[in-house]
Peer 1: 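Below is one structure. I have some questions about it.
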Amino acid sequence: MPELPEVQHVVNSLLPVIVGRRLTAISTGPHDVTEPRGFDLRLRLEGRRIERVYRRAKRIVFELDGDDRFYIHLGMSGTIIVCPRQSPVRPHTHLRADLDNQTELRFSDPRRFGGIFWMGRSFETENDLGPEPFDLCASDLLPRLATARVIKTALLDQSVIAGLGNIYVDESLFAARIHPRQPARTLTLTQATSLLSSVKRILNRAIAAGGSSLRDYVDAAGNKGSFQNAHRVYDRAGKACSRCRTPIERIVLHQRSTHFCPACQCL
DNA sequence: GTCCATGTTCTTTA
DNA sequence: CTAAAGAACATGGA
């Protein structure tokens, strides 16, 4: 379920129901999804209060009393919900955390590409994450694109710009009329400017729409997003381009399916 | 059975 | 050495 808009919407929906709550009881599933491996979630989380929740890249950071933090990454199929304690437990639930008001925070993730990462008192992990799109200006983005890779691949690299994934890269490149195969280092400042404003506009719209629900992505209340209805190219191969009616093409770049309009986005 | 899937990391190659 | 390409991870749906 996870690109920046989906993760941000999960945080937004989580805030009113968990900030200030205390984690009264912790239980975990049969699979270890922690990093470092074998980490004792019960020992570190039980009895702590959630002071803040925020997003960094595609990570959801939970700040506890005592200044400890951990983050959850949703991977490809993860969901976080807050529900009544007696609600049926979905398969592949890796963490159940009782809150002090008869509700329960649950993290499930069938494919287990996501996980629970302990941060301790640090703010960032050793991982090198690029800037948040909303903190970026075109003159800062341009040098970050000085690579021989094609623009599609560069934008998926979280150390270049953080938070974009396959859907929003394709949608942003379409909006900026940039071909996904254009070498990143050949982008002009004009193109970078157009690209970045497209990225910000699309991310904002997607957040407002509650994200894109392709499979089973839901927010903390279990609601689906609606931005999939606004996709112009993603998963629209063969359908008419909304601008020029040319059929949308699907190719594979960087092992990821890539959708674009061959007429609007020229090399 | 086959192919595909909103992601990241480790390994291999150039 | 670095950068880029490829494989791997695990599950489920069409």
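Below, chains carry the letters A, B, ... as their sequence lines are ordered, and counting in each starts from 1.
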Peer 1: Within the structure shown, what part of the strands sits under 4.0 Å from A:Tyr168 by heavy-atom distance: base, sugar-phosphate, or nothing?
Peer 2: nothing
Peer 1: Can you see which heavy atom on A:Phe174 is nearest to which on A:Cys261, and at what distance?
Peer 2: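 Scanning both residues completely, I find the closest heavy atoms to be CE1-CB, 3.9 Å.
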Peer 1: Can you tell me which nucleotide in B:dT6, C:dT11, C:dA4 comes closest to the side chain of A:Pro110?
Peer 2: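 Looking only at heavy atoms from C-beta outward on A:Pro110, the closest nucleotide is C:dT11.
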Peer 1: Give a yes/no on whether any side-chain N or O of A:Arg256 is located under 4.0 angstrom from OP1 or OP2 of B:dT8.
Peer 2: no
Peer 1: What's the gap between B:dT8 and C:dG13 when it is taken at their P atoms, as a whole Å value?
Peer 2: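 My reading of the P atoms in B:dT8 and C:dG13 gives 23 Å.
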Peer 1: Starting at atom CD1 of A:Ile151, determine the distance to atom P of C:dA4, rounded to an integer number of angstrom.
Peer 2: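 For the pair A:Ile151 CD1 and C:dA4 P, the rounded distance is 13 Å.
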Peer 1: Can you list the steps and then say if A:Arg149 with A:Asp157 is a salt bridge (Lys or Arg N to Asp or Glu O under 4.0 Å)?
Peer 2: CA-CA 10 Å; A:Arg149 293 176 292 174; A:Asp157 183 340; 3.1 Å; yes
Peer 1: For A:His92 and C:dG12, is the shortest distance between a side-chain N/O and OP1 or OP2 below 4.0 Å?
Peer 2: yes
Peer 1: Strictly below 4.0 Å: does A:Thr153 bring a side-chain N or O up to OP1 or OP2 of C:dA4?
Peer 2: no
Peer 1: Checking side-chain contact (heavy atoms from CB on, under 4.5 Å) for the pair A:Val160/A:Leu145: CA distance, chi angles, key distance, verdict?
Peer 2: CA-CA 7 Å; A:Val160 171; A:Leu145 298 176; 3.9 Å; yes
Peer 1: Of the candidate nucleotides C:dT11, B:dG7, B:dA5, which contains the atom at the shortest distance from the side chain of A:Ser257?
Peer 2: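 That would be B:dA5.
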Peer 1: Specify the separation, in whole Å, of atom CZ of A:Arg250 and atom C1' of B:dA5.
Peer 2: 10 Å
Peer 1: Would you call the rings of A:Tyr71 and A:Phe117 parallel, tilted or perpendicular, where under 30° means parallel and over 60° means perpendicular?
Peer 2: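 Rings of A:Tyr71 and A:Phe117: parallel, as their planes differ by under 30°.
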Peer 1: Can you find a side-chain donor-acceptor pair between A:His94 and A:Thr28 that sits under 3.5 Å?
Peer 2: no
Peer 1: Does NZ or CZ of A:Arg69 lie under 6.0 Å from the centre of the six-membered ring of A:Phe123, at an angle within 45° of the ring axis?
Peer 2: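 The answer is yes; both the distance and angle limits are met.
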Peer 1: Round to the nearest Å and state the distance from A:Asp235 atom CG to B:dC4 atom P.
Peer 2: 12 Å
Peer 1: Quick one: label A:Ser213 by what it contacts on the DNA or RNA (base, sugar-phosphate, nothing), any heavy atom closer than 4.0 Å.
Peer 2: base
Peer 1: Calculate the interatomic distance between A:Asp109 atom CG and C:dT11 atom P; express it in whole Å.
Peer 2: 10 Å
Peer 1: Is any side-chain N or O of A:Arg111 closer than 4.0 Å to OP1 or OP2 of C:dG12?
Peer 2: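 The answer is no; no side-chain N or O of A:Arg111 sits under 4.0 Å from OP1 or OP2.
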Peer 1: Rounding to the closest angstrom, what is the interatomic distance between C:dA5 and B:dT6 at atom C1'?
Peer 2: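 Taking atom C1' in both C:dA5 and B:dT6, they lie 22 Å apart.
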Peer 1: Starting at atom CZ of A:Phe113, determine the distance to atom P of B:dA5, rounded to an integer number of angstrom.
Peer 2: 13 Å
Peer 1: So, does A:Lys58 get its side chain near the phosphate of B:dG7, meaning an N or O under 4.0 Å from OP1 or OP2?
Peer 2: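 For A:Lys58, the contact criterion (side-chain N or O under 4.0 Å from OP1 or OP2 of B:dG7) is met.
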Peer 1: Does any N or O donor sit under 3.5 Å from an N or O acceptor when you compare the side chain of A:Gln255 with the base of C:dA7?
Peer 2: yes
Peer 1: Identify the nucleotide, in any strand shown, that forms a Watson-Crick or G-U wobble pair with B:dT6, with both distances under 3.5 Å; if there is none, say none.
Peer 2: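 Looking at the geometry, B:dT6 pairs with no nucleotide.
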Peer 1: Roughly, in whole Å, what's the span from CZ in A:Arg55 to P in B:dT6?
Peer 2: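 My rounded result for the distance is 19 Å.
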Peer 1: Distance check, P atoms only: C:dG12 and B:dT9, in whole angstrom units.
Peer 2: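 Taking atom P in both C:dG12 and B:dT9, they lie 24 Å apart.
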Peer 1: Is any side-chain N or O of A:His73 closer than 4.0 Å to OP1 or OP2 of B:dT8?
Peer 2: yes
Peer 1: CG of A:Leu214 versus P of C:dA14: gap in Å, rounded?
Peer 2: 13 Å
Peer 1: Tell me the interatomic distance from A:Gln158, atom CD, to B:dT9, atom P, rounded to whole angstroms.
Peer 2: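 Value for this atom pair: 9 Å.
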Peer 1: With both distances kept under 3.5 Å, what pairs with C:dA4, Watson-Crick or G-U wobble?
Peer 2: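 The base-pairing partner of C:dA4, which may sit in any strand shown, is B:dT12.
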